[in-house]
Novice: 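Below is the structure I would like to discuss, written out as structure tokens.
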2 protein chains.
Amino acid sequence: MTTVETLTIREMCDTYQVTARTLRFYETKELLSPIRAGSRRLYTKQDRARLQLILRGKRFGFSLEDIRQLLDMYNRNGSNQAQLARTFDLGQNRLEQMKAQRDELSVAIAELETELQGAAAALSAFRDAAE
Amino acid sequence: MTTVETLTIREMCDTYQVTARTLRFYETKELLSPIRAGSRRLYTKQDRARLQLILRGKRFGFSLEDIRQLLDMYNRNGSNQAQLARTFDLGQNRLEQMKAQRDELSVAIAELETELQGAAAALSAFRDAAE
DNA sequence: ACGTTACATGACGTTAACGTCAACTTCACT
DNA sequence: AGTGAAGTTGACGTTAACGTCATGTAACGT
């Protein structure tokens with residue numbers, strides 16, 4: 001019989017490349033809420049999904065507080081209309097920001113590429129002169 | 001006769017929505033190096049260009065130290081070959097990172113859009129039921 | 001000459017996101 | 001029963017990126 005797959009804190013660390021301190025810290029910030037076996041934490045599949053979202057959010061430069069709100073939006077779907085409308089707005093704004101960021105990033109990438117082509121040319125010139 | 005356009009620290013603040021403290025702080029971090037009129041700072045066109053790059057870098061989530069290196073790459077083109085090659089590599093890496101970030105961002109945007117469509121549908125349902 | 005701005009420097013405070021250390025429990029074995 | 005590994009809860013330390021005084025000076029209008 002396959003037990004419900006839960007991971008210890010150490011296994012979580014190894015799997016997601018985070019420290020135990022980080023996981024406990026996220027818990028105090030109410031980003032995670034693993035179940036307990038006595039005093040020990042056990043992370044369910046749900047916890048792991050949340051952690052992945054957290055880590056991705058971080059790569060986008062979102063603050064943990066931002067991420068907490070986003071997670072709430074993803075998870076809390078049995079809410080009332082006002083609640084839903086509010087989280088919907090929050091999501092819309094976030095979406096706008098992300099799109100703007102992506103566009104700006106595209107421009108910056110293009111610029112950097114041009115710049116690097118110039119550098120590459122300079123390097124070639126150096127090498128040619130050294131022959 | 002048009003004097004060489006330089007801005008005072010206050011004018012810089014108003015123009016770019018940063019505090020004087022921030023500008024002085026950037027100076028201690030060698031991100032900016034305005035000229036002096038006595039003890040007072042005067043920001044040239046070059047300084048303004050650098051500040052814009054700094055602010056854009058920040059919007060992408062780069063650290064000030066990252067930005068400093070990027071700025072060096074943009075500006076120092078009279079360097080030796082080793083120097084140039086090194087900064088070139090640095091730029092390449094950064095470019096990879098930025099592209100990866102952009103791609104990840106695109107995925108997240110798509111997901112969020114789907115999610116929000118669901119929320120929008122739920123809202124409509126609510127409204128329909130309320131008629 | 002004098003008061004009011006504008007600016008300067010220096011020192012200390014602040015927040016986010018953990019790191020680090022100490023001092024227990026608690027299993028899992030031997 | 002003893003020991004070692006893994007886990008727990010505090011408590012304090014750390015870094016980045018500024019904010020917030022306190023204090024001092026310099027130019028400008030009256």
Side-chain angles (χ1 to χ4, degrees), chain A residues 3-44 47-48 50-72 94 97 101, chain B residues 3-44 47-48 50-72 94 97 101:
Chain A
T3 57
V4 193
E5 271 283 0
T6 73
L7 298 187
T8 72
I9 198 166
R10 187 56 32 203
E11 290 165 337
M12 286 292 280
C13 295
D14 296 348
T15 307
Y16 298 103
Q17 311 282 23
V18 296
T19 70
R21 178 67 178 92
T22 298
L23 292 176
R24 298 195 196 100
F25 178 71
Y26 288 170
E27 198 172 333
T28 71
K29 289 304 177 81
E30 295 177 77
L31 288 168
L32 293 176
S33 46
I35 57 180
R36 297 293 182 121
S39 67
R40 315 209 152 167
R41 293 166 172 84
L42 286 181
Y43 296 85
T44 69
D47 294 318
R48 279 170 279 162
R50 285 179 73 93
L51 180 56
Q52 283 186 11
L53 288 173
I54 294 170
L55 297 178
R56 192 169 65 194
K58 289 204 57 185
R59 285 199 295 279
F60 297 150
F62 288 126
S63 74
L64 291 184
E65 177 55 25
D66 288 343
I67 293 172
R68 199 180 58 74
Q69 293 181 37
L70 274 176
L71 282 176
D72 285 357
R94 198 71 69 187
Q97 284 178 34
Q101 189 175 348
Chain B
T3 56
V4 193
E5 271 283 0
T6 73
L7 299 186
T8 73
I9 198 167
R10 185 66 19 212
E11 290 166 336
M12 285 291 280
C13 295
D14 296 346
T15 307
Y16 299 103
Q17 311 284 24
V18 296
T19 70
R21 178 65 177 95
T22 298
L23 292 176
R24 297 194 196 101
F25 177 71
Y26 288 169
E27 199 173 333
T28 71
K29 289 303 177 82
E30 295 176 75
L31 288 169
L32 293 175
S33 46
I35 56 179
R36 299 291 183 123
S39 66
R40 317 214 150 162
R41 292 167 173 83
L42 286 182
Y43 296 86
T44 69
D47 293 318
R48 279 171 279 162
R50 286 180 72 93
L51 181 56
Q52 284 186 10
L53 288 174
I54 294 170
L55 296 178
R56 194 169 64 193
K58 290 204 57 185
R59 285 198 296 278
F60 298 151
F62 290 126
S63 75
L64 291 183
E65 177 54 26
D66 287 343
I67 294 172
R68 198 179 58 73
Q69 293 181 36
L70 273 176
L71 283 176
D72 284 359
R94 199 71 70 188
Q97 284 179 36
Q101 190 176 346

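Here is how names work: the chains are called A, B, and so on, in the same order as the sequence lines, proteins then strands, and each is numbered from 1. A quick note: this is a predicted structure, and the numbers were derived from the prediction, not measured.
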Novice: Pull out every residue in residues 30-39 of chain B that has a heavy atom closer than 4.0 Å to any atom of DNA chain C, ordered by number, or say none.
Specialist: B:R36, B:S39
Novice: Rounded to the nearest 0.5 Å, how far does CG of B:L51 lie from CG of B:L23?
Specialist: 6.0 Å
Novice: Is there a side-chain contact between B:R40 and B:T8 (heavy atoms, below 4.5 Å)?
Specialist: no
Novice: With sequence neighbours left out, what residues match A:S63 under side-chain contact (heavy atoms from CB on, under 4.5 Å)?
Specialist: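 Per chain and number, A:S63 pairs via side-chain contact (heavy atoms from CB on, under 4.5 Å) with A:E65, A:D66.
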Novice: Does some side-chain heavy atom of A:R24 sit less than 4.5 Å from a side-chain heavy atom of A:I9?
Specialist: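 Side-chain contact under 4.5 Å: yes.
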Novice: What pairs of residues pass the salt bridge (Lys or Arg N to Asp or Glu O under 4.0 Å) test when at least one of them lies in residues 7-23 of chain B, not counting sequence neighbours?
Specialist: none
Novice: What parts of residues 7-17 of chain A reach DNA chain D, counting only heavy atoms under 4.0 Å away?
Specialist: A:T8, A:I9, A:R10
Novice: Within this structure, what is the CD1-CG distance for the pair A:I54 and A:L71, rounded to the nearest 0.5 Å?
Specialist: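 Interatomic distance, A:I54 CD1 to A:L71 CG, rounded to 0.5 Å: 5.5 Å.
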Novice: Given side chains that start at C-beta, do those of B:Y16 and B:L55 come closer than 4.5 Å, heavy atoms only?
Specialist: yes
Novice: Hey, are the side chains of A:T19 and A:F25 touching, using non-hydrogen atoms and a 4.5 Å cut-off?
Specialist: no
Novice: Mind calculating the distance between CZ (B:R41) and C1' (C:dA6) to the nearest angstrom?
Specialist: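 Rounded to the whole Å, the gap is 13 Å.
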Novice: Kindly write out the residues that satisfy side-chain hydrogen bond (donor to acceptor under 3.5 Å, both in side chains) with A:T44, not counting sequence neighbours, or none if the list is empty.
Specialist: A:D47
Novice: When you check the phosphate oxygens OP1 and OP2 of C:dT20, does a side-chain N or O of A:R21 lie under 4.0 Å from one of them?
Specialist: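 Negative; the distance criterion is not met.
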Novice: Mind listing the side-chain donor-acceptor pairs of residues 30-39 of chain A below 3.5 Å, one per line with the distance, residues two or more places apart or on another chain?
Specialist:
{"residue": "A:R36", "atom": "NH1", "partner": "A:S39", "partner atom": "O", "Å": "2.6"}
{"residue": "A:R36", "atom": "NH2", "partner": "A:E27", "partner atom": "OE2", "Å": "3.2"}

Novice: Can you give the first and last nucleotides of DNA chain D, 5' to 3', that have an atom under 4.0 Å from a heavy atom of chain B?
Specialist: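 Range of nucleotides within reach of chain B: D:dA17 to D:dA26.
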Novice: Quick one: does B:R40 reach the base of C:dA8 with a side-chain donor-acceptor pair under 3.5 Å?
Specialist: no
Novice: Can you work out whether B:T22 or A:E27 has the more 5'-proximal nearest nucleotide on DNA chain D?
Specialist: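 Looking at the nearest nucleotide for each, A:E27 comes out on the 5' side.
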Novice: Going by heavy atoms in the side chains, are A:R48 and A:E5 under 4.5 Å from each other?
Specialist: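 Answer yes - side chains close enough.
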Novice: Take B:Y43 and A:T19, find for each the nucleotide of DNA chain C with the closest heavy atom, and name the residue whose nucleotide sits nearer the 5' end.
Specialist: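 Nearest-nucleotide comparison on DNA chain C picks B:Y43.
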